[in-house]
Amino acid sequence: SIIIIGSNGQIGTELAVALRNKFGKDSVLSCDINPPSQADPSANFETLDVLDKKALRALYEKRKPTQVYLLAALLSATGEQFPKKAWELNMDGLIGVLDLSVEFKVSKVFWPSSIAVFGPHSPKTDTPQYCVMDPNTVYGFSKLAGERWCEYYYQKHNLDVRSIRYPGLISWKAAPGGGTTDYAIHIFHEALSSGNYQSFLSEDTRLPMLYIDDAINGTLQLMDAPAEDLRIRSSYNLTGLSFTPNELGAEIRKHLPDFGLSYSDSDPRQKIADSWPRSIDDTYAREDWGWNPVYDLSKMAEEMLTNLRKQ
Ligand code: VAH
């Protein structure tokens, strides 16, 4: 059986659907600290606080999972508002899951990292898998430390834990939660509802991004890859495209010619974005497990507008 912890989040919402489609809905249990807002009747759901050690152990004993996906975390912007909570959830949540997964002989564990593990002194363009990493957000260094824990549990306990450094994820099904890249989601909602959007990132802030369908397919591809093919046991660099708010606005105007984009100039998230790469080199993922994203800027914008119009 498969357990997804943090199933209400931007990744968890869509990963749960993909895993149910792949393994059958009765094999997948979704868990989060609160019930989902739109309850999906076909989904098996249980509330779980991943930091409640007793409850987490009881879940492993009851479900004897073969795979565990740990997605629960505080993201970059929220993490700067609640730094100690972010460290506790992102770190203790992971270590608790790694320990129980070894004890209960879980065959595969997935845990998301982020391009937030790079910092001001990391190369900004085509940021490589290995380089200087001096993240200056709690989220970023909790993900960097988490990568170290994942590699440690693989080497010391032979736990098959796999991870991806997601860039900013663009999706329409689940609301994003406290990230710095969320402007690239809000902009579509506003373009359709009010016709205007004020970006909290400056017009030339280039960031690596990925459309959610590519991200989910890539995650399943990584989890299906033969263990012996994987050279990276910290976390794989991954990207699909990179763009600036200005470029995204121009793409939206191809569909909504009157769309107005303005910029605020004192948002704390600008400092976070400025510490991150502008683009990522994901050669290791391409070579080790056949990573090959399909959504470019125009395809992503088309998909977002088409689906949000229907909503
Ligand atoms: C965030 N969406 O903004 C997340 C992600 C690379 C960005 O980690 O915090």
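Whatever order the structure lists ligands and atoms in, that order sets their numbers, starting from 1. Every heavy atom of this structure was used, including side-chain atoms; hydrogens, water molecules and symmetry mates were not.
Distances below 4.0 Å separate heavy atoms of S114 from the following atoms of ligand 1: 5 (C), 6 (C), 8 (O). Residue L75 has at least one heavy-atom neighbour below 4.0 Å for each of these atoms of ligand 1: 9 (O). Atoms of ligand 1 lying under 4.0 Å from any heavy atom of Y139, numbered from 1 in the order shown and given with element: 5 (C), 8 (O), 9 (O).
Of the candidates L207, I115, T78, it is I115 that places a heavy atom closest to atom 6 (C) of ligand 1.
Between F110 and Y69, the ring planes are tilted. Angles from 30° to 60° get that label.
With rounding to the nearest 0.5 Å, the separation of CZ in R162 from CG in L230 is 5.0 Å.
Looking at E302 and K299, no side-chain N of the basic residue comes within less than 4.0 Å of a carboxylate O on the acidic one, giving no salt bridge. Taking the charged nitrogens against the carboxylate oxygens, K62 and E46 do have a contact shorter than 4.0 Å, which makes a salt bridge.
Residue, atom and distance of the protein heavy atom nearest to atom 2 (N) of ligand 1 are T181 OG1, 3.0 Å. Protein heavy atom closest to atom 3 (O) of ligand 1, with residue, atom name and distance, is T180 N, 2.7 Å. Nearest protein heavy-atom contact of atom 9 (O) of ligand 1 is S76 OG, 2.6 Å.
Two residues are said to be in side-chain contact when any heavy atoms from C-beta on lie closer than 4.5 Å; P112 and L71 meet this criterion. No side-chain heavy atom of W149 sits under 4.5 Å from any side-chain heavy atom of V161.
Inclusion of W276 in the set of residues having an N or O under 3.5 Å from an N or O of ligand 1 is not warranted.
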